[in-house]
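Right, one structure below, let's go through it.
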Amino acid sequence: MTTGAPRIVIIGGGHAGANAAASLRQAGHDGEIVMISEETVLPYHRPPLSKAYLKGGSTLESLYLRPAKFYETNNIETLLDARATGIDTERKVVTLADGREVGWELLILATGSVARRLDGPGADLAGVHVLRDIRDAEALHARIVDGARLVIIGAGYIGLEVAASARDLGAEVTILEREPRILSRVACEELSGFFHRFHAGRGVVFRTGVSVAGLHGEDGEVRSVELSDGEILPADVVLVGIGGSPCDALAIDAGLHCDNGVIVDLAGQTSTKGIYAIGDMTRRPMPHYGDRMFRLESVPNAVDQAKAVAADIMGKPLPTPDLPWFWSDQYELKLQIAGVPFDADRQIVRHTPDKENSFSIFHMSGDRIVAVEAVNALGDFVAGKKLIMAGQPVDIARLSDASVAVKTLIATAAD
Ligand code: FAD
């Protein structure tokens with residue numbers, strides 16, 4: 001193609017990379033787009049890997065972000081099963097593991113994050129899993145059978161989602177957490193207490209404030225987990241869910257400014273002109289939170305940054321950055337969180353009248369909402385997010401009254 005538009009190469013075919021390609025076409029880019037992905041399948045929705053897909057409830061095709069035809073129709077060249085191993089910023093080429101070189105005029109890095117692994121005795125035994133991609137989900141699914149003893153190390157969202165799926169599949173689940181409470185880094189005490197009780201009610205056993213000394217096996221297969229006090233817990237399968245690290249080795253080698261993720265501005269521009277980075281691998285500003293930089297691991301963030309990069313490349317105004325937001329599905333619970341409770345001085349908890357397991361927690365700084373955590377309370381989440389975005393003061397008495405719909409506060413605040 002010789003349109004004069006730059007040839008754009010994207011490394012990574014996940015939520016960020018695939019959305020960048022689509023957003024570029026939507027924004028009118030008519031130059032070449034090449035998407036390099038080390039995975040063997042087209043870009044797919046990652047969240048179901050710990051939920052419906054893990055339970056065996058969906059097909060691979062149903063996970064695709066877009067059908068194969070989309071890439072064809074939009075002339076997006078997808079190089080699958082192709083791992084980028086180096087970036088030459090002088091010659092503007094990406095080297096692939098098989099030795100091929102792919103030239104670029106603009107480069108977008110979208111390599112996501114990698115699941116942290118245990119280091120220590122037994123970490124390499126068969127039956128010890130992480131969950132990041134579709135192969136991980138399939139391998140884990142094969143092990144989680146009725147009656148299997150699953151030990152999950154780490155009580156973050158992925159650990160809890162897998163626990164819920166595994167209980168539905170009939171496995172016995174024990175969750176080990178080093179901190180005194182579950183979800184300690186990502187949810188307030190009230191919320192983590194709720195999830196603890198709910199999972200326990202479904203038969204999940206929690207061990208908080210414990211650490212793992214090592215894993216033991218027989219014939220190369222994991223058989224038990226040893227805690228640091230010497231206690232041995234039998235295990236047929238172990239999931240290590242201790243968080244992720246930015247997949248930024250290529251960027252570091254290429255000399256880009258990285259500090260727990262590739263540092264980017266609101267347009268996704270890195271410290272090297274002509275190279276952008278988006279998604280889990282980045283640390284980005286968030287105008288709602290002053291000078292703080294964030295590394296967010298969420299689909300909305302990846303999509304948001306993909307749109308911003310496309311706009312910047314096409315010389316269009318940047319879209320207004322969204323708030324950090326996230327969701328998690330466990331059993332019949334849908335949790336939605338928006339905002340970050342920096343500077344919060346109190347919480348307001350609202351229980352939806354006449355609806356079990358439906359409530360929201362508003363984190364307040366004075367009379368402004370700075371974050372909302374909502375369980376089975378979509379209306380509270382949507383209205384709360386709007387109020388945070390607007391930075392509007394709210395009537396505390398009305399917000400505290402669960403019979404008053406939160407959306408009516410928006411109207412009140414706008415009056
Ligand atoms: P990814 O989607 O991880 O894509 C990165 C891609 O780059 C991968 O395909 C990777 O293989 C590829 N890659 C890496 N290095 C190279 C290389 N050198 N060469 C070529 N390709 C490379 N978020 C939510 O908001 N809600 C949820 O409920 C939720 N649930 C989740 C459940 C699970 C099990 C997981 C793993 C994540 C979940 N997330 C959820 C997080 C969300 O999926 C990520 O934030 C999102 O996928 C980030 O998009 P990304 O494109 O930055 O990274």
Side-chain angles (χ1 to χ4, degrees), residues 12 14-17 19-20 23 46-47 108-116 132 154 156-158 179 183-188 191-192 242-249 251-252 256-272 275-312 318-328 335-344 361-365 368-374 381 384-391:
H15 282 275
N19 277 293
S23 299
R46 225 162 272 274
I108 302 176
L109 304 179
T111 50
S113 47
V114 281
R116 281 198 205 106
R132 182 69 212 170
Y157 287 117
I158 290 185
E179 301 298 323
L183 298 175
S184 62
R185 282 182 305 113
V186 285
C188 71
L191 191 67
S192 73
I242 55 175
S245 321
C247 191
D248 55 4
I252 293 170
L256 273 56
H257 180 203
C258 298
D259 176 11
N260 181 28
V262 183
I263 303 297
V264 294
D265 65 13
L266 279 174
Q269 174 69 56
T270 68
S271 57
T272 299
I275 304 186
Y276 293 84
I278 50 179
D280 282 13
M281 70 175 314
T282 63
R283 224 143 66 78
R284 58 166 294 183
M286 273 284 168
H288 304 279
Y289 299 98
D291 293 338
R292 291 178 169 109
M293 296 287 283
F294 290 75
R295 195 172 84 75
L296 301 170
E297 291 189 6
S298 78
V299 169
N301 174 64
V303 175
D304 204 33
Q305 285 187 296
K307 286 184 187 153
V309 162
D312 194 63
L318 296 184
T320 311
D322 204 353
L323 275 184
W325 73 272
F326 179 81
W327 79 92
S328 173
L335 166 69
Q336 292 161 300
I337 300 181
V340 189
F342 294 131
D343 310 326
I361 304 168
F362 288 89
H363 297 261
M364 310 299 298
S365 174
R368 283 165 216 272
I369 305 168
V370 289
V372 55
E373 296 168 313
F381 167 74
K385 184 165 176 274
K386 283 187 184 152
L387 284 160
I388 301 168
M389 293 278 279

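This chain uses plain numbering: 1 for the first residue, then up along the sequence.
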### Task
Can you sort out the partners of V303 under side-chain contact (heavy atoms from CB on, under 4.5 Å), two or more places apart, ordered by chain and number?
N19, V299, K307
### Minimum-distance pair of heavy atoms, taken over all atoms of Q305 and G279
OE1-N, 2.7 Å
#### Entry: pair Q269-V264: side-chain heavy atoms closer than 4.5 Å
no
### Query
Who are the salt bridge (Lys or Arg N to Asp or Glu O under 4.0 Å) partners of D322, not counting sequence neighbours?
K385
### Interatomic distance, H257 atom NE2 to D248 atom CG [nearest 0.5 angstrom]
11.0 Å
### Message
Nearest 0.5 Å, please: how far is CG in L323 from CE in M389?
### Response
5.0 Å
### Summary
Residues passing the side-chain contact (heavy atoms from CB on, under 4.5 Å) test with A249, sequence neighbours excluded, are none
### Query
What pairs meet the salt bridge (charged side-chain N to carboxylate O under 4.0 Å, His left out) rule with one or both residues in residues 257-267, with sequence neighbours excluded?
D259-R283
### Task
For residues W327 and P300, report the shortest heavy-atom separation together with the two atoms involved.
CZ3-CD, 3.9 Å
## Note on the structure
F381 meets the ring-ring contact (aromatic ring centres under 6.0 Å, His included) criterion, sequence neighbours left out, with W325
### Message
With a 4.5 Å cut-off on side-chain heavy atoms, are N301 and R284 touching?
### Response
yes
### Query
Does the side chain of L296 reach to within under 4.5 Å of the side chain of M286, using non-hydrogen atoms?
yes
### Message
Can you tell me how far apart CG (L109) and SG (C258) are? Round to the nearest 0.5 Å.
### Response
8.5 Å
### Task
State, to 0.1 Å, how close R295 and G261 come at their nearest heavy-atom pair, and which atoms those are.
CD-CA, 4.3 Å
### Task
Can you measure from CG (L183) to CG (L191) and round to the nearest 0.5 angstrom?
6.5 Å
### For Y157, ring-ring contact (aromatic ring centres under 6.0 Å, His included) partners two or more places apart
F326
### Task
Considering non-hydrogen atoms only, spot the tightest contact between M281 and G112 and give its length.
CB-O, 3.3 Å
### Query
In chain order, what residues pass the salt bridge (Lys or Arg N to Asp or Glu O under 4.0 Å) check against D280, with sequence neighbours excluded?
R132
### Task
Please list, chain by chain and in numerical order, all residues satisfying ring-ring contact (aromatic ring centres under 6.0 Å, His included) with H15, sequence neighbours excluded.
H45
### Euclidean distance, I263 CD1 relative to T282 OG1, rounded to 0.5 Å
8.5 Å
## Note on the structure
Across all chains, not counting sequence neighbours, the side-chain contact (heavy atoms from CB on, under 4.5 Å) partners of P341 are A344, H363, A371
### Query
With sequence neighbours left out, what residues match D343 under salt bridge (Lys or Arg N to Asp or Glu O under 4.0 Å)?
none
### Task
Tell me, please, which residues at least two apart from A16 pass side-chain contact (heavy atoms from CB on, under 4.5 Å).
A110, I278, A302
### Message
What's the separation between atom OG1 in T270 and atom CG in L256, rounded to the nearest 0.5 Å?
### Response
4.0 Å
### Task
Specify the closest pair of heavy atoms between P324 and Y289, including all atoms of both residues, with the distance to one decimal.
CD-CE1, 3.8 Å
#### Entry: Chi angles and distances behind the side-chain contact (heavy atoms from CB on, under 4.5 Å) call for I388, H288
CA-CA 9 Å; I388 301 168; H288 304 279; over 6 Å; no
### Task
Could you pull out all residues at least two apart from K386 that satisfy salt bridge (Lys or Arg N to Asp or Glu O under 4.0 Å)?
none
#### Entry: Heavy-atom pair with the smallest gap, counting every atom of A306 and S23
O-CB, 4.1 Å
### Task
Please answer whether the main-chain N or O of A187 pairs with a side-chain N or O of E373 as donor and acceptor at a distance below 3.5 Å.
no
### Task
Decide yes or no on side-chain contact (heavy atoms from CB on, under 4.5 Å) for F362 and L387, but give the supporting numbers first.
CA-CA 11 Å; F362 288 89; L387 284 160; 5.9 Å; no
